[in-house]
Amino acid sequence: MLSRSAEEIIRILIHQDNTFITNKRIAQMAGISERSVNNYMREVSDYCEENECRLIRKRGKGICLDMGRKAKELKQIFSQKKISFENRDTRVNYIVRTLIESKEPYTAGLFADEFFVSKATVRTDLEHADEYCKRDYLMIRQVVGKGIEIVGSEFWKRKVLVCRNQKVSQSQYESIGQAPDLRIDKLFYSRLTRQYRKNIVDGVIFCIQELEKQMGCQFNDYTFCMIAEYTSCQIKRIKSGAYLEETMINQLTLVEEIADWAVAYNSFLNQRFQLALDPREGLYLYIMLLGAEVQNSSRLVNKKFLIEKEISIEDVTDQVITYLSAIVGLDFSGDPLLQTSLALFLNSSLVRVKYGFEIKNPFLEEVKKTYSAIFSACLTAGKEYEELVGLLPTEDEISYMAILFSCSFVQHQKKLNTAVIGSGGVGITQIIAQKIEAKLPEINIITVLPSNSALFIKENQYDLVITTIPYLKINHPNVVYTTLLVGEQDIYRMKKTCHEILESNVNQTKSYTIQNLLKRDLILLEHEDISKEMVLKKACSLLLEKGYVKEGFYESVMQREEISASVLGGGMAVPHGISDFVNHPAVVVIRTDKKVEWGEGAVDVIFLLALNFDEIESTRAFFSAFYEMTMQKESARLIRKAPTQEEIKQIIINNS
C-alpha cells in the first residue's frame, strides 16, 4: 500500500501529462514540505519501477513521469479524487494499513502531516488502532530512534491487512474495466488492483482458474473472491520480504483431496510469479482452500480436527435449525434442501471464522433490509460459532446463512386454505380474492361465498375466513376484515393473522411475550445530538443500574459492534451483548430525534438486547414481535412520531 503522500505525488505526476514539474510545485499541490517530497520519492520510484513506468529528472526542469503504454491504466487507478481523513475511523484504518505495509519507519509527525491534524490527535488515533490490533494478537509500539511499528505474527498481519483494505470504500477507486473472471465485479477488481498491484491480482486469478481446470469444478462467487484477495495479499507480502514464521496446523491431519489442490495451486503460483513458496506458505494456501466452497458439491469434508472439537457438522446444522425455528416461530426442520445447504455452508464457514478468512456479500444491505428479523435472529446464532471456534462470525458470513433460511421460509411456507365472504356479488368477490392471492402467497383461496353463508361455516372447513362485511358474525376462530380496495392496512391485518395461525400450527407457546421484556423505564427518548458510543453507554448503564446485566456488558456490546455494526435497513439497529453478562432478559428501546451514525449507516430507532440466547422463550418473544414490526412499515414511523415512552411501548405491543 502506498502512503497517502506518495500516492498524492504519483497522482500529481500522472495528471501532468508527461510535462516536467518541480519538487517545490509538487509540495505546494500536495500540501507538504519539499523535504517530505524528497523523502517520499524513493517510495514513488519503487512503485513506478514495479509498474513498468519511469521517472525522468532534468536539472532546472524538475521531474516527469513517462507512463508509456501504462498511461490509460494509471490514470484510471489514480483518479483526481482525494481521500478525506476527517473521520477517525478512516485515519485509524489508514494507520493500521500503513504500519503493516510500510518498509520505512513512521512517526506521529508524518501521520499528522498527512492528515492535517495535530500530533495529539494522531496519538489518540494510535491508541484506537492499538486496541483494534490487540484483538488479532498484534500490537503497536514506539521504538526509540526508529519510529512506530506493528509487531506480531505475519499470519495475523495478513488477516488484519485484508480486513482493513476491505473497509476502504470501493467508491474511492475508479473502475478500470472488467476483471478476468466474471465472478469478480468491477469495483471489487478496481480495489484489488489498487491495493495489491494489477499484475499480482491478474496472475492470481489466472492461477485459480488453472486450479479449477485441474479440480474439474469451480469455486462459488464469494469464496473465489476470498481466495483471490488473500492470495494477492500473500504474494505481495512475500515479494516485500514478509514470510510466515510458524506452521498453523499439523501436516499429519491434512485432508488428502484438499492437500492435492493446495499442492497444485502452489505450483501454479510458483510458475506464475517465479517463486519457491516455503511449506508454511503451502499450508496457508491449504487452510484457505479448506474455507472455500465448491459449486454444485453435496459432499461434506471432515474438518473437525481444525476446530479442535469432536463434532459432527450434521449435528451442528440440526442445532442451528432447531434454535432458529424456535426463535423465529417457523418450523425449518422439514426442509431437506435447507439441511444440506446449511451443512455445506457451515462446513467451510467454521474454518473461515477460526482462521480469519473473511468473505464479503455485495448484497449485505439488501439482505438486512429485506429479511431484517431473520437476519437479526441469525446473528444470535453466532453463539454456535463462539462455542466451537471461540470467535464470532462477521455480518457478511451471517448474511449468507440468513439467505438460506429466508429462501426456505419463502419456498416452503404453508398455504392457508381460505374462504372469502363478500356482499357485492360473486364477481366482485372473485376480483377481491385475486387481489388477495396476488399480494399474499401464503394464502390459498379455495372458495368465495355470499354473506348468508356465514352462519353455515364450520371451523374445520377453512384455516382462515376473510370478509368484506364489517361486524358480520362468523362462527370461525380466524376471521379478518378487508376493505374492497385491499389496501396496505388490509394486507397487514391479513399477514398478521396468517403469522399467528402458522405459529399455532407449529405448537409454539406464547406464555412469554414482548410485554414481558418491555418496561416503560427502559424506553429512552434522546432529543440532542448523541454518538453511537454514548447512546449505548447510557443504555447499558441503565441496565446495569437496574440489575439486568453485569459489569462488562457495555464492553461486550462494543466488541460485537466492532466485528460488525448492527445497523439494519430503515434506520433501525439491533445491538446486543454477550449472554454471560445478562442477569435477567430485557430490551432497551431508544428513539433519537437526530440520526446517529452507525457503522456505514445512520439510525434513529435502536433495540438494545440484553438476552440470554439459550433461553428460547425470551429470545423468541423479541424476534416474534420484531418479525411482525418489519412486516409493517407503519410501526417504525409511529415510533418516530410517538411523544412518550408509554406510547412507544403500546405501538410495539399493538403491532406485534
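Please read all numbers here as calculations on a predicted model, not as lab measurements.
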Quiz item: Has the side chain of S348 got a donor or acceptor atom that lies under 3.5 Å from a matching backbone atom of A292?
Solution: yes
Practice problem: Look up atom CG in L518 and atom CD in E646, then write down how far apart they are to the nearest 0.5 Å. | Solution: 10.0 Å
Quiz item: Given side chains that start at C-beta, do those of R237 and K157 come closer than 4.5 Å, heavy atoms only?
Solution: yes
Quiz item: M226 versus E358: any side-chain heavy-atom pair under 4.5 Å?
Solution: no
Exercise. For the pair T394 (side chain) and E397 (backbone), establish whether a donor and an acceptor sit closer than 3.5 Å, ignoring hydrogens and angles.
Key: yes
Self-check item: Expected output: side-chain D185 to main-chain L187 donor-acceptor under 3.5 Å
Solution: yes
Quiz item: Is it true that E386 and K383 have a side-chain N and a carboxylate O under 4.0 angstrom from each other?
Solution: no
Quiz prompt | Considering all heavy atoms, the nearest S406-I374 contact | solution = OG-CG2, 3.8 Å
Quiz prompt | Y132 six-ring face occupied by R164 cation (under 6.0 Å, within 45°) | solution = yes
Exercise. Rounded to the nearest 0.5 Å, what's the gap from OG on S541 to CE on M534? Could you check?
Key: 8.5 Å
Give the table of side-chain donor-acceptor pairs shorter than 3.5 Å for residues 542-554, with sequence neighbours excluded, one pair per line with atom names and distance.
| residue | atom | partner | partner atom | Å |
| --- | --- | --- | --- | --- |
| K546 | NZ | D521 | OD2 | 3.2 |
| K550 | NZ | D580 | O | 3.4 |

Quiz item: How long is the gap from OH on Y230 to NZ on K159, to the nearest 0.5 Å?
Solution: 7.0 Å
Quiz item: Does a sphere of radius 6.0 Å around CD in E366 hold more than 12 heavy atoms from other residues, nucleotides or ligands, not counting ones at 6.0 Å or beyond?
Solution: no
Exercise. Test salt bridge (charged side-chain N to carboxylate O under 4.0 Å, His left out) on E526 and K538 and set out the steps.
Key: CA-CA 11 Å; E526 291 295 332; K538 185 173 182 178; 2.5 Å; yes
Self-check item: Check: E395 and N361 side chains under 4.5 Å, non-hydrogen atoms
Solution: no
Practice problem: Evaluate the salt bridge (charged side-chain N to carboxylate O under 4.0 Å, His left out) criterion for residues K594 and E528: first the C-alpha distance (whole Å), next the side-chain angles of each, then the deciding distance (0.1 Å), finally the verdict. | Solution: CA-CA 7 Å; K594 299 178 180 178; E528 304 299 327; 5.1 Å; no
Quiz item: For A377, does its backbone N or O pair with a side-chain atom of T380 as donor and acceptor, under 3.5 Å?
Solution: yes
Quiz item: Stepwise, does the side-chain contact (heavy atoms from CB on, under 4.5 Å) test hold for L611 with V582?
Solution: CA-CA 6 Å; L611 302 176; V582 176; 5.9 Å; no
Quiz item: Going by heavy atoms in the side chains, are T124 and V122 under 4.5 Å from each other?
Solution: no
Quiz item: So do the side chains of E149 and I140 get within less than 4.5 Å of each other, counting heavy atoms only?
Solution: no
Practice problem: Search all heavy atoms of I606 against all heavy atoms of P575 and return the closest pair with its distance. | Solution: CG2-CD, 3.7 Å
Quiz item: Any side-chain heavy atom of E245 within less than 4.5 Å of one from S153?
Solution: yes
Quiz prompt | Side-chain touch H128/R91, heavy atoms, less than 4.5 angstrom | solution = no
Quiz item: Who passes ring-ring contact (aromatic ring centres under 6.0 Å, His included) against Y137, sequence neighbours left out?
Solution: W156
Quiz item: R591 and D593: salt bridge (charged side-chain N to carboxylate O under 4.0 Å, His left out), yes or no, with the steps?
Solution: CA-CA 7 Å; R591 201 276 314 281; D593 288 354; 3.7 Å; yes
Quiz item: What pair of heavy atoms forms the shortest contact from G291 to T223, and how long is it?
Solution: O-CG2, 3.8 Å
Self-check item: side-chain contact (heavy atoms from CB on, under 4.5 Å) assessment of S341 paired with L337
Solution: CA-CA 6 Å; S341 302; L337 180 59; 3.9 Å; yes
Exercise. Using the side-chain contact (heavy atoms from CB on, under 4.5 Å) rule, take I95 and Y106 through it: C-alpha gap first, then chi angles, then the decisive distance, then the call.
Key: CA-CA 10 Å; I95 287 170; Y106 245 79; over 6 Å; no
Self-check item: Closest non-hydrogen atom pair, A642 against I651
Solution: CB-CD1, 3.8 Å
Quiz item: With the threshold set at 4.0 Å, does a side-chain nitrogen-carboxylate oxygen contact exist between E229 and K360?
Solution: no
Practice problem: Evaluate the side-chain proximity of C540 to V557: yes if any heavy-atom separation is below 4.5 Å, no if none is. | Solution: yes
Practice problem: Could you tell me which non-hydrogen atom of L99 sits nearest to which non-hydrogen atom of I148, and how far apart they are? | Solution: CD2-O, 3.5 Å
Quiz item: What distance do E154 atom CD and I100 atom CD1 have between them, rounded to the nearest 0.5 Å?
Solution: 8.5 Å
Self-check item: OG on S349 to CD on E293, rounded to 0.5 Å
Solution: 7.5 Å
Quiz prompt | Y284 six-ring face occupied by R158 cation (under 6.0 Å, within 45°) | solution = yes
Quiz item: Is the NZ atom of K641 crowded by more than 12 outside heavy atoms at less than 6.0 Å?
Solution: no
Practice problem: Please answer whether the main-chain N or O of Y94 pairs with a side-chain N or O of T98 as donor and acceptor at a distance below 3.5 Å. | Solution: yes
Quiz item: Under the criterion ring-ring contact (aromatic ring centres under 6.0 Å, His included), which of Y400, F375, F332, F345 is the partner of F405?
Solution: F332
Self-check item: Within 6.0 Å of CD in Q319, more than 12 heavy atoms from elsewhere
Solution: yes
Exercise. Ignoring hydrogens and angles, tell me if any N or O in the side chain of R352 forms a donor-acceptor pair with the backbone of F357 under 3.5 Å.
Key: no
Exercise. Test side-chain contact (heavy atoms from CB on, under 4.5 Å) on M288 and T231 and set out the steps.
Key: CA-CA 9 Å; M288 192 191 304; T231 308; 3.4 Å; yes
Exercise. Hey, could you give me the OG1/CD distance between T317 and Q339, rounded to the nearest 0.5 Å?
Key: 6.5 Å
Self-check item: Nearest non-hydrogen partners of I652 and I639, listed with the distance
Solution: CG1-CD1, 4.0 Å
